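Taking it in order: structure first as structure tokens, then the write-up.
Predicted model only: the values in this text are computed from it and were never measured. Below, chains carry the letters A, B, ... as their sequence lines are ordered, and counting in each starts from 1.
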Protein chains: 2
Amino acid sequence: MARIQTDKDVSRKEVIIKASAKLFREKGYKAASMRDLAVKVGVEAASLYNHIRSKAELLHDICFNVANVFFEHMNEVESTQATPIEKLEKLLRFHIKQMLENFEEVYVSDREWRYLADPYLSNFQNQRRSYRKRFASIIQQGIEQGQINKIDASTAVLVLLHAISGIDSWHRSTHKVSGEELEENIVTILIQGLQK
Amino acid sequence: MARIQTDKDVSRKEVIIKASAKLFREKGYKAASMRDLAVKVGVEAASLYNHIRSKAELLHDICFNVANVFFEHMNEVESTQATPIEKLEKLLRFHIKQMLENFEEVYVSDREWRYLADPYLSNFQNQRRSYRKRFASIIQQGIEQGQINKIDASTAVLVLLHAISGIDSWHRSTHKVSGEELEENIVTILIQGLQK
DNA sequence: CATATTTGCTAATGAACGTTAATTTTACGG
DNA sequence: CCGTAAAATTAACGTTCATTAGCAAATATG
């Protein structure tokens with residue numbers, strides 16, 4: 001009988017969530033089956049249900065874990081005394097770092113959240129909307145202080161966030177750019193693009 | 001008996017493809033069922049098969065129609081005598097315009113192509129890779145001519161293209177900016193972000 | 001070593017899926 | 001107004017899906 005392997009301090013549930021993040025990223029939530037997941041974990045499909053409640057719960061856990069990480073970082077950034085441009089640079093670098101270090105989860109949270117079921121769906125959308133609003137208001141401050149070009153702040157947020165989410169694993173594996181180099185390239189384009 | 005409505009010069013197949021693009025955008029290819037599509041078209045699910053061969057064919061038609069449009073535009077741009085920066089601006093403006101005027105198809109082609117079946121999948125990936133390479137080499141020329149910052153060209157391509165695909169959320173957002181304003185905002189950020 | 005709990009297995013369920021076959025209805029040229 | 005081809009319908013098919021029930025094995029606890 002094949003057991004789910006766990007290092008200490010890592011529950012079997014966490015092993016399954018991690019595997020599901022990879023699977024959902026590779027195939028998409030809807031196309032990924034619990035049987036696929038079982039193979040990845042090394043167990044029969046039915047056995048998964050000793051540890052999790054449902055497929056939906058997996059997506060839910062992934063999305064909200066990621067959302068909370070970004071939310072907390074936003075709190076941190078807002079509480080500092082930095083200029084708007086410096087704050088934006090901090091946010092961008094954090095997004096890039098998360099995308100590189102936590103790729104599967106961040107990617108899934110970004111692209112597959114629409115398959116969340118209510119009430120989690122509306123919840124997630126609200127959190128997302130709120131995050132973008134706070135992001136936009138930092139840009140707006142930069143505009144009012146004359147550091148940033150006069151552009152529509154919420155359009156700029158979309159441009160920045162989507163530009164970063166485009167950095168998927170394909171890029172690093174086939175093109176062999178280091179994480180640091182990647183970060184500098186992106187920050188150069190986007191921060192300079194905003195500045196006057 | 002409900003017939004599929006057609007204006008002249010529009011086949012019933014084209015009506016179905018158009019409806020499927022909207023459906024695939026709303027729900028995702030895998031989550032969209034032929035029964036959903038039938039409802040949208042106003043007919044029973046089985047009736048669709050008088051006009052199309054399969055669900056897969058619908059995705060295939062959407063993706064390759066879009067890919068061909070962008071491919072042809074790239075040919076056009078490359079054959080002009082403009083500077084690299086001017087060429088990039090042309091490409092960006094075309095992407096934005098396509099995203100605004102042809103939203104459903106472009107979005108589906110961008111996000112759902114991975115559900116294409118071989119050999120169409122490899123075909124599409126090759127075309128995509130080739131397009132990005134040509135895009136990157138325009139950036140590279142700009143770097144060598146000293147108009148563009150010394151950055152990794154293929155990273156820049158991903159940043160630019162994904163930044164534009166971020167328009168999708170703008171489409172749904174209640175706070176609407178006009179198409180022209182949107183275009184200017186995006187071009188401002190991205191072109192200025194590249195330039196020295 | 002005994003026993004309780006956790007974890008895994010096999011088997012099965014009902015629902016949803018894409019698609020096909022057989023048949024009926026509609027539109028239209030002669 | 002008839003005959004024919006196009007288009008729509010109903011009914012069904014074989015799969016695949018997420019999930020459950022019941023039982024066996026492994027592990028933890030004392």
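A:H162 places a side-chain N or O within 3.5 Å of a backbone atom of A:L158 that can act as its donor or acceptor partner.
Taking the salt bridge (Lys or Arg N to Asp or Glu O under 4.0 Å) definition, one finds that A:K133 meets it with nothing, sequence neighbours left out. Under the rule for a salt bridge (Lys or Arg N to Asp or Glu O under 4.0 Å), A:R3 has no partner lying at least two apart in sequence or in another chain. Under the salt bridge (Lys or Arg N to Asp or Glu O under 4.0 Å) criterion, B:R111 pairs with no residue, sequence neighbours left out.
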Nucleotides 10-23 of chain C: protein proximity per nucleotide (B base, S sugar-phosphate only, - neither; heavy atom, under 4.0 Å):
BB-----BBBB---
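In this structure, A:H51 does not reach the C:dT6 phosphate: none of its side-chain N or O atoms is under 4.0 Å from OP1 or OP2. Side-chain N/O atoms of B:R3 include none lying less than 4.0 angstrom from OP1 or OP2 on C:dT26.
Residue pairs that meet the salt bridge (Lys or Arg N to Asp or Glu O under 4.0 Å) test with at least one member in residues 100-109 of chain A, sequence neighbours left out, are A:K18-A:E105, A:R25-A:E104. Listed by first and then second residue, the salt bridge (Lys or Arg N to Asp or Glu O under 4.0 Å) pairs that reach into residues 29-45 of chain B are B:E26-B:K40, B:K27-B:D36, sequence neighbours excluded. Applying the salt bridge (Lys or Arg N to Asp or Glu O under 4.0 Å) rule to pairs touching residues 68-81 of chain A yields A:E78-A:R134, sequence neighbours excluded.
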Acceptor/donor pairs from residues 179-187 of chain B side chains to any protein atom, 3.5 angstrom cut, sequence neighbours excluded:
unit_1, atom_1, unit_2, atom_2, d
B:E183, OE2, B:R93, NH1, 2.9
B:E184, OE1, B:R93, NH2, 3.4
B:E184, OE2, B:R93, NH1, 2.9
B:N185, OD1, A:D152, N, 2.9
B:N185, ND2, B:E181, O, 2.9

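The span of DNA chain D lying next to chain A, judged by atoms under 4.0 Å from heavy atoms, is bounded 5' to 3' by D:dC17 to D:dT27.
Between the P atom of C:dT7 and the NZ atom of A:K13 lies a distance of 13 Å, rounded to the nearest Å.
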